[in-house]
Protein chains: 2
Amino acid sequence: MVTLKDVAREAGVSPKTVSRVVNDDPAVNVKTREAVAEIVRRMHYVPDHAARMMRMSHSSVVGLMTDAVATTPYSVDIVRGTQAGLREQSRTMLIANTDGDPQQEQEYWRMFRAHKVAGVVYATMYHRPVDLGAPDFERGIVLANCYSARRSHSSVVPDDEGGGYTQARHLIELGHRRIGIVSLSPVLRATVLRGAGYRTAFAEGGLLYDPALEIPGFITRPDGGEDLVAYDAALGLLRRPDRPTSIICGNDQIAVQIYAAAATLGLSVPDDLSVMGFDDMTVITQTLKPMLTSVALPYFEIGRTAVDILSRINGEAEGPVPPQVLVPCPLVTRQSCRQLV
Amino acid sequence: MVTLKDVAREAGVSPKTVSRVVNDDPAVNVKTREAVAEIVRRMHYVPDHAARMMRMSHSSVVGLMTDAVATTPYSVDIVRGTQAGLREQSRTMLIANTDGDPQQEQEYWRMFRAHKVAGVVYATMYHRPVDLGAPDFERGIVLANCYSARRSHSSVVPDDEGGGYTQARHLIELGHRRIGIVSLSPVLRATVLRGAGYRTAFAEGGLLYDPALEIPGFITRPDGGEDLVAYDAALGLLRRPDRPTSIICGNDQIAVQIYAAAATLGLSVPDDLSVMGFDDMTVITQTLKPMLTSVALPYFEIGRTAVDILSRINGEAEGPVPPQVLVPCPLVTRQSCRQLV
DNA sequence: CCTGCCATTGACATCGGTGTCACAACCTGG
DNA sequence: CCAGGTTGTGACACCGATGTCAATGGCAGG
């Protein structure tokens, strides 16, 4: 391990001067700076993070605590987004996955303290309220994809209401007047918010919201798990005499089953039925025939924004600290929705 | 921040004694130990990672370098598996996602050095050879889901050959004699290995391998991207007069399109056609109607095993350091394959 | 009672950086 | 030519832990 002192000896200056060069302190003569910089390069000197951290009493590492990000495949994009944001500040992150276990979570909070992380992004798999177990943690905390039940922390969440609006609006603009909805479990906040979005779009388009056309595609089992019943839900909708010309899905998995139901009934997508997904899981949306039009969950952007807010909280960046940021859910148009004449 | 000294003062002993207690050094009187331990708890003392790391000149953090794990959704399970392994050693990981950019990769190697990570798990999205740009890195490196082109590092990879064998074997056991294959791009190592597995199983079952029944489901564009053409490939296979009774897929996305092709031709899965996936992306396998039988890529296990090997390399655990570990790909039976009478 | 060993504890140096402050050399304007 | 300022550099202490080694006290054996 080559240290400051080694470089200093080689360069014939004091360690402090090398430190200055490494840290871009302007109070160094240009000639000295260049000479030292050259030697730093030549010797492959890398400042010791531990020593620096010890002296400065805080780290350049940010903690990322997640509950079970991995189970919804694309929510890892929160991780990617977070990292992209940190990279610009040349920081890294320590990652901690709790699998939803409070015990593990406690453990990881302690670890974050030990590492003196510069802040924590707390991300969840579902858009939901959380109540951080009062972790006596001095640095900033930002919630990603979840929000504080007691409004004690800033949060960055997808604009589910806007997403629902976008779904409905697009179909209405294509001329659809009878729109079915196969939604997520009604207990989810996303479902409620998107419902509001649908209603707004319907009202704007002069459509009546018909509760009979909205059916849950997932049902919650007594054990807390969920069953995907979108296939049956879709059959129910599509066998009605006044069957909808299009269906809005709570997520892309539901759309897969809608396709299957349509195939079963001999209906063609999009000729006989338009289908609109949510989440934009490319593994599904780009794989279905025809490819699925969907509204994307902006996970990457959520992660990135969370980092932004974090540096504001820590006073490293200018700008206000909003209690909540809504990140828009963009429409991704593919081939599953058709214009009605 | 509560320090050793604070605890020592409070306990009326020297800092060194507190250190001994915290580190379970047996050379401490039982009474002293208990008294100090109590105060440590009461004061919420957490040892400063930076100071410890500096003194010990290595960290308890392991680096995880990935190329683009996020684009294949379930390969994040490598991350989860790695973490699960580290947790048992009460370690954490620094995560670095290079997006396949060598420049970023260099940067992150430097950072890992700065952090004095205890080792690195280098994971890739596809099972492929890699050539680490000779990072002058003293600690252990283990490759996950990839292997060293120059055999210079240990690697942990899925047993693709075994996986292919498992796919074919299961169908043969169900009585299938005409088996179509819609494979991944032929340039992938996985495709070659699984091909070998198919042949072994075919030979064992007394089947002839017919090249005309194997068609790529992905084709590589000139720009390096890939197009999913499994739908057309499947139509080709299924329109043959001697159409196969079952199809082995290179991954689950291909299976989605096989289902679509079958629906187009009025064939029912599994009555008219059995379909066997690969990867076991639950988002797909549990969503399709009927649910897809598939062979799982054991990403979680790969990550976990990599951590194991790493601690052997670093001499923290007993056991030999194998140059390569093959992790088996287990069969996950669902409803898409049927027994032929 | 003395010697030597063991169990326990503490003083001190040290890891690799950075903050503080002193100091030398060089200006600048009166 | 000098007071007062500016610029560039280094000496030194310190961050919080742990390794080394010495010191202390108790006890067994001779």
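Keep in mind the model is a prediction, meaning the values are calculated, not measured. Atom set for the values below is all heavy atoms of this structure, side chains included, hydrogens, waters and symmetry mates excluded. Per chain, numbering begins at 1; letters A, B, ... match sequence-line order.
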query = Which residues pass the side-chain hydrogen bond (donor to acceptor under 3.5 Å, both in side chains) test with B/Gln324, sequence neighbours left out?
reply = B/Ser155

Whole-Å distance separating the NE2 atom of A/His115 from the C1' atom of D/dG16 = 15 Å

inquiry  = Can you build the contact string for nucleotides 9-22 of chain C? Use B for base contact, S for sugar-phosphate-only contact, and - for no protein heavy atom under 4.0 Å.
reply    = BBB-BBBBBBB---

message = Is any side-chain heavy atom of B/Met93 closer than 4.5 Å to one of A/Leu94?
response = no

Can you list, pair by pair, the side-chain donor-acceptor contacts under 3.5 Å of residues 42-49 of chain B, counting residues two or more places apart and other chains?
from, atom 1, to, atom 2, distance (Å)
B/Asp48, OD1, B/Ala50, N, 2.7
B/Asp48, OD1, B/Ala51, N, 2.8
B/Asp48, OD2, A/Lys116, NZ, 2.1

remark   = One would report the end-axis bend of the helix from C/dC1-D/dG30 to C/dG30-D/dC1, five pairs per end and rounded to 10 degrees, as 40°

request  = Name all pairs fulfilling the side-chain hydrogen bond (donor to acceptor under 3.5 Å, both in side chains) condition that reach into residues 24-38 of chain A, sequence neighbours left out, sorted by first residue then second.
outcome  = A/Glu38-A/Arg41

remark   = In whole angstroms, the gap separating P of D/dT7 from NZ of A/Lys31 amounts to 19 Å

request  = Applying side-chain hydrogen bond (donor to acceptor under 3.5 Å, both in side chains), name anything that partners B/Thr17, two or more places apart in sequence or on another chain.
outcome  = B/Ser14

remark   = Contacts of A/His127 meeting ring-ring contact (aromatic ring centres under 6.0 Å, His included) (sequence neighbours excluded), chain-then-number -> A/Tyr147

task = Measure the distance from CZ on A/Arg113 to C1' on D/dG16 and round it to the nearest whole Å.
result = 15 Å

ask   = Please give, in whole Å, the distance from D/dC15 C1' to A/Met53 CE?
value = 12 Å

request  = Please identify each residue that fulfils side-chain hydrogen bond (donor to acceptor under 3.5 Å, both in side chains) with B/Thr305, with sequence neighbours left out.
outcome  = none

inquiry  = If the condition is side-chain hydrogen bond (donor to acceptor under 3.5 Å, both in side chains), which residues does B/Thr3 pass it with, not counting sequence neighbours?
reply    = B/Asp6

